[in-house]
Every structure is written in C-alpha cells, then in structure tokens.
Amino acid sequence: MSDPRTVTAATSMLLALGLVCFAEAGFAQQPVSSASAGALKKLSIEQLMSLEVTSVSRRPERLAQAASAIQVITQQDIRRSGASSLPEALRLATNLQVAQVNARDWAISARGFNSTTANKLLVLIDGRTVYTPLYSGVFWDVQDVPLVDVDRIEVISGPGATLWGANAVNGVINVITKNARETQGLVVSGGGGTELRGFGTARYGGALGSHVNYRIYGKGWARDPSVLPSGQDATDDWHMEQGGFRLDWDASPGNQVILHGDLYDGRIGQPSPAADIAVSGGNVMARWSHTISEESSLAAQLYYDRTHRDIPGTFGEDLDTYDVDLQHGTRLGTRHEVVWGLGYRLINDRVVNSALLAFLPPHVARQWFTGFIQDEIALVPNRLHVALGTKVEHNDYTGYEIQPSGRVSWRLSPSGTLWAAVARALRTPSRIDRELFFPGQPPYAIAGGPGFHSEEELAYELGYRHQRGALALSVATFYSRYHGLRSVEQVNPPTPSPVVIANGQYGESYGAEVTADYWITKGWRVGAGHTELRVHIWPNPGSTDTSRGASESQTPDRQFFLHSSVDLPAHLRFDAGLRAIGDIAKQQVPAYGELNARLTWQPTSQLDLSLVGQNLLHDRHAEFKGTPATRREIERGVYGLVEWRF
C-alpha cells in the first residue's frame, strides 16, 4: 500500500491543480481633491507624506499619521516605472508579494498565502470590489485601468476587515482614479516591442457646462507567450480591448455625483487543439456624496459588474454582481470621529461544468449583508489617537460573523509616529471550498466540504513611521495566528481517495517590512524596501492532511527592492528598479534578481518618447509555480512608447 503521507501530498497537489486550472486556462471614499501628476513630481518627501489616504479609516487622513502598514503608489511612480499593466504597477509596493506566472496570469498577495487563487487580499478599483465568489480572489488578467488616469494606489499589508469586510485578511489594494476635471484634453499613446507586441490608448476629457466633466477612453494590447524551460513557446499569448467613461457632476456645493463604467473583451491562447479562452465583461458604478456640514458627510454607492469566462472543455462562467453601500461620517464633540456604514451584495453565478471540473449546483445566488462602525478617539489631540471598531457580516454559508479591531497612533514628535493594532479577520467560504468536485462526474477524487467554515486570523502589528526633510522611513512588524485553514481530509483513512475539503490546518506568519525614500538632490530620488516573512502551517490534531500548507502559501521568505529616479539634462529622465526575490521552496522556484529601466526624452511639454526594458538581467526566468520541466518562464522584454498630450 502507498505511504499515506505521499498519497495525501499528491492529493493536495491535485487539489491545487483543480483550484487553479480554470484560473490558468481560465467603496472606497474618493478624495475631495488630489495633486496632479505634474505637481507630484515636484513634491518633497515631507509633502508626499502629507498626502491624504482613505483606505485605513475610510476617511481622509495624512499618510504620515495612518496607523497601518500602508504604502502609496502615486501617478508619478507609475509613469516613471514603465509599468504597462496594473499588476506590474503593484510591484512598486514593496509590502506585496507579486509574481508573474505566465504571459497573462499573476499571483499577488500580502504577508504570505500567495497562489494563483490567493484569497486573503481585498482589491478595489474606484470603490468596486474586484472579487470572484469562485475562490474569494481576483482574476488579474481582466483587471485593468488606463494607468495614466490613476491618481494613486493605496496598498495596506495587514487586516482591513473591520472596515472592508471578509477577505481583507492580509491586505487591501485600493486603486483610485482621477476626477474627470483633472483629465481634460486628448492623450494618445502607443508603442510595441518584443514581449508587449503592440499597445495603444486614447483618452479624451471635456466639460458639459461649468459643473459637469467627463472622460472617455479606449485601449488595446497584445502580448507574446511565455516560454517553457526548453525555450519553446507556452502558447499563452493573448490580446484584449477595453473602453470606458467617467462623469463627475458637481450638482451643488454640497453634492457630488460620479458615474463611470468599463467594457472589455479578450482572447487567450491555449495549446492546440483547444480553442482560445474567451473573457469579456463590464461594469457600471454610480456614487453620490453629500456634505451635511463641516463635521458630517454622507455617501451612497451602487454598482453592477458582469464577467464572462469560457475555457473550452474545462470551465465556463457567467457572474453578475449587484452591490449597494451607504456610509456616514461625523464628528461627535471634539474628540470622536465616527464612521459607519451598511452594505448589501447579491451575486448570480452560473457555471458550465466539464468532465474535468464541476461546481455543484452549477447555478447559485448568494447574498451578503454588512454593517460596520469605527470610532477614532483623540485621547490627546494631535498626539494620541485610538480607533475601535467592528464589522458585522451575514453570508449564506456561515451566517453572522464579527470582525473587531483596535488601533492606536502615538505621535512621538513632529517627525515620528508609533502605531499598533490588533484585529480579527475572516476569509469566508467560497464556491471552491463548498461546491468544487474533481473530476466533474462521480466517483469524485476531491469533493467540496459542506461543513467548511470561515478561516480565522488574529493579527498583531507594531510599526513606526518617520519623515523629516528629504528622508521617509517606515517599519512594520507583525505576527498572525490562523485557525481553520483549508485542508484536504481523507474520508475513509487510510484509503487515500476520496478526500473532502475541510478546515484541518493551523498556521502562523510573522516578519517585518521596511521601506525608505530619500531625495539625494532636488532631481534625484532613491528608495528601498525589504520584507522578511515566515509562514508555518501544520495540521490540527486528527487531520489527515500532511501537506503542511503546500497548496495554501507559496511565498518567498524575503524580498528586496531598490529604485532610482533621476532628472537629467537635455529633458531626459532615467528610472531603474532592481528586485531580488528569494526562492519558493515549496514550488522548487529558485531565487532570482531582475532589473527594469526606463529612459524618457521630453522634447516638448506635450510629447514623451520612452524606451523601457523589463527583466534585463536574464534571457528568461521563472517566478512562480510548477516543476522545473513544466513551469512557465518570463522573458526579457523591450518596448518603445510614444505619448502625446493635446
């Protein structure tokens, strides 16, 4: 008889394949105003740290005083990096683990638990939660936004569940685009190269009277395939087209309305004779903000999102999401800042099953009801603040869930802030946990667990943020304990098959994140970031899962980033970013180092000509997943970019 440990490990690998095969083949508060890209270029470190962020407390507060491990990617950071997609831009946040799996697939998480179906990171784009109920994660290949229109990306590592809800377990990414009045005129950009074969974007912004501003855009791109270790193409080349609009209406001094939406359509290659994967979808969102008084404001948001994915012979899905949010913030007395809100979400999910995979039942409708409240108390005004809050959520799988948190921020001096936090966060069940069956017809080797309950995290954080003159420094340390992590359990041990998905594992993660930025001269900025991370997972007493989290956390122990941005004579700018990523032992992915660089010439204020190099240190390298014989490798790429502004 086979060794049960070997059988369980193999089964865990099979589960991981089942969880990701469809992925491979397969209300954020807006700021009243934001700095323009041109202004950001000239800001000092002190001014940058004074920028307002909204993701930590769902109200504007200074970055330097936020009681959280938060990093902000500005528009200027994105422009100067040469990033051509949202996942590439997220590499600029050194508190994230970002790995490119193949030509179009990414694994992105924070503080461990990374995989192609990472499920402990919440992502928002202009208030719209980017979420699939299949695995509580993100299909990164269809998440896009014209990067030229991004105002900033706020990235929190650590729990954000009290304000943002379930699945904000290890982090929150909040992508915030510019108000339409900041994007007036015509911008046309395009180019191409070796890996990013061709791309183009056109955006036009205008005004309808003195109180209404709008913009419309269209974009498209085509990418070459990744390669196998043998050097052969992996047949995962793809192309996509996308368009959208945004309208901002200042209805009165105390009322603002935002309406925006997007449509996209794309095709992704597969090995012959399989037909291409088809992806398409769209969304529309409306938001109303009302200023009641100088101390009170109200906001309401409604959005609809539609996604379609067809992987011939493997998987198909049509998902409709309806979401409503209401938020109210007010000051009580001189010491209390209270923010509270209510929310409702309905999803209608229809899956086309195959002989390989099945979700049973194939058609489900699920509802979420949420409410949250947080009170920030100024114990010592301008020095010592405490924030206490909780999220109450009801879902169709586990009923009511409570996610409380407490944060304290102590301003030690005009240049230094010490902060600490403790929080409980939950990752609620997804369709994979309860309703996945492999293969698609009985007898099943893997079955969803009807009793699968929420995974629980209890997180502790301690950090310090310092900014003075030309230097900004941030240190965040953390320890998290996890209960009920996903496992695969034998139904009739020692018989290895079938197995059922359950909550049979414990875990812990701990480490530190350090970032620093320094202006060497007025025109030369350098920055660095380093993360040390340890994740340990072990079975509960009585569990038959011996994988020790092999399919749940696939993250390097350490990573280091160094970037430099310098303005040169003759209207030249040069930017370079170096990253050194540790090995992923559970995947046999070796450590690697890579360099990206961008040289830009701006002969006039309306024209930029750029040459961008990506992954310049190696012909090709692996970043994630698979055995040395089958994993995909990412090649060196070079492309040219021309951008006109009228």
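Taking 4.5 Å as the limit, every side-chain heavy atom of V72 sits out of range of all side-chain heavy atoms of I153. Side-chain contact between S55 and R58 is absent, with no heavy-atom pair separated by less than 4.5 Å. The shortest distance between side-chain heavy atoms of I176 and E154 falls below 4.5 Å. Contact of the I78 side chain with the V150 side chain is registered, since non-hydrogen atoms from C-beta on lie closer than 4.5 Å. Contact check for W368 versus I347: side-chain heavy atoms found under the 4.5 Å cut-off. Residues V338 and Q374 form no side-chain contact, since every pair of their non-hydrogen atoms from C-beta on lies 4.5 Å or further apart. Side-chain contact check for V339 versus R59: every heavy-atom pair is 4.5 Å or farther apart. You'll find the side chain of N174 reaches within 4.5 Å of the side chain of L124, heavy atoms only.
For the residue pair S297 / H290, no side-chain donor-acceptor distance below 3.5 Å is found, with atom types taken as modelled. For the residue pair R215/T183, the side-chain donor-acceptor check at 3.5 Å is satisfied. Y322 and D305 share no donor-acceptor pair across their side chains, judged by distance under 3.5 Å alone. Judged purely by distance below 3.5 Å, without hydrogens or angles, the side chains of R246 and T177 pair a donor atom with an acceptor atom. Checking Q559 against T94 by side-chain atom types alone, no donor-acceptor pair falls below 3.5 Å. When only modelled atom types and interatomic distance are considered, S480 and E457 share a side-chain donor-acceptor pair under 3.5 Å. When only modelled atom types and interatomic distance are considered, H211 and D250 share no side-chain donor-acceptor pair under 3.5 Å. Residues R366 and Y397 have side chains that bring a donor and an acceptor to within less than 3.5 angstrom of each other. Under 3.5 Å, the side chains of E376 and H385 contain a donor-acceptor pair of N or O atoms. For the residue pair T390/Q403, the side-chain donor-acceptor check at 3.5 Å is not satisfied. For the residue pair R345/T129, the side-chain donor-acceptor check at 3.5 Å is satisfied. Looking only at atom types and distance, the side chain of Y479 has no donor-acceptor partner in the side chain of E461 under 3.5 Å away. If you check the side chains of Q367 and Y344, you find a donor sitting under 3.5 Å from an acceptor. Neither side chain, N395 nor T428, offers a donor N or O lying under 3.5 Å from an acceptor on the other.
Taking the charged nitrogens against the carboxylate oxygens, E455 and K120 do have a contact shorter than 4.0 Å, which makes a salt bridge. Salt bridge present: D433 and R486 bring a charged side-chain N and a carboxylate O closer than 4.0 Å. Taking the charged nitrogens against the carboxylate oxygens, D151 and K178 have no contact shorter than 4.0 Å, which rules out a salt bridge. With respect to the salt-bridge test (charged N to carboxylate O, under 4.0 angstrom), the residues E294 and R331 do not qualify.
For the pair R111 and F478, the cation sits on the ring face: its NZ or CZ lies under 6.0 Å from the ring centre, inside 45° of the axis.
For R434 (side chain) and P450 (main-chain N/O), a donor-acceptor pair under 3.5 Å exists by modelled atom type. No donor-acceptor pair closer than 3.5 Å links the side chain of R525 to the backbone N or O of W519. A donor-acceptor pair under 3.5 Å is absent between the side-chain atoms of S405 and the main chain of A423, judged by distance alone.
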Practice prompt. Assess whether side chain to side chain donor-acceptor pair (under 3.5 Å) is satisfied between S109 and N114, documenting all intermediate values.
Written response: CA-CA 5 Å; S109 188; N114 203 11; 4.6 Å; no
Worksheet entry | Pair R431-D349, side chain to side chain contact (heavy atoms under 4.5 Å, CB included): steps then yes or no | CA-CA 10 Å; R431 295 204 67 187; D349 193 31; 2.9 Å; yes
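Aromatic pair Y506/H483: centroids less than 6.0 angstrom apart. Aromatic rings from F113 and Y482 are positioned such that their centres are separated by under 6.0 Å.
Ring-plane geometry between Y400 and H394 is classed as perpendicular, the angle between the planes exceeding 60 degrees on a 0 to 90 degree scale with a lower cut at 30. Using cut-offs of 30° and 60° for the angle between ring planes, the F139 and Y135 rings count as perpendicular.
Shown here is Y304, whose OH atom has more than 12 heavy atoms of other residues, nucleotides or ligands within 6.0 Å.
Each side chain to side chain donor-acceptor pair (under 3.5 Å) pair with one or both residues in residues 411-421, not counting sequence neighbours, appears once here: S413-S415.
Judged as a salt bridge (charged side-chain N to carboxylate O under 4.0 Å, His left out), and not counting sequence neighbours, R383 has no contacts. Residues that satisfy the side chain to side chain contact (heavy atoms under 4.5 Å, CB included) test with V130, not counting sequence neighbours, are V123, I125, R128, V138, Q143.
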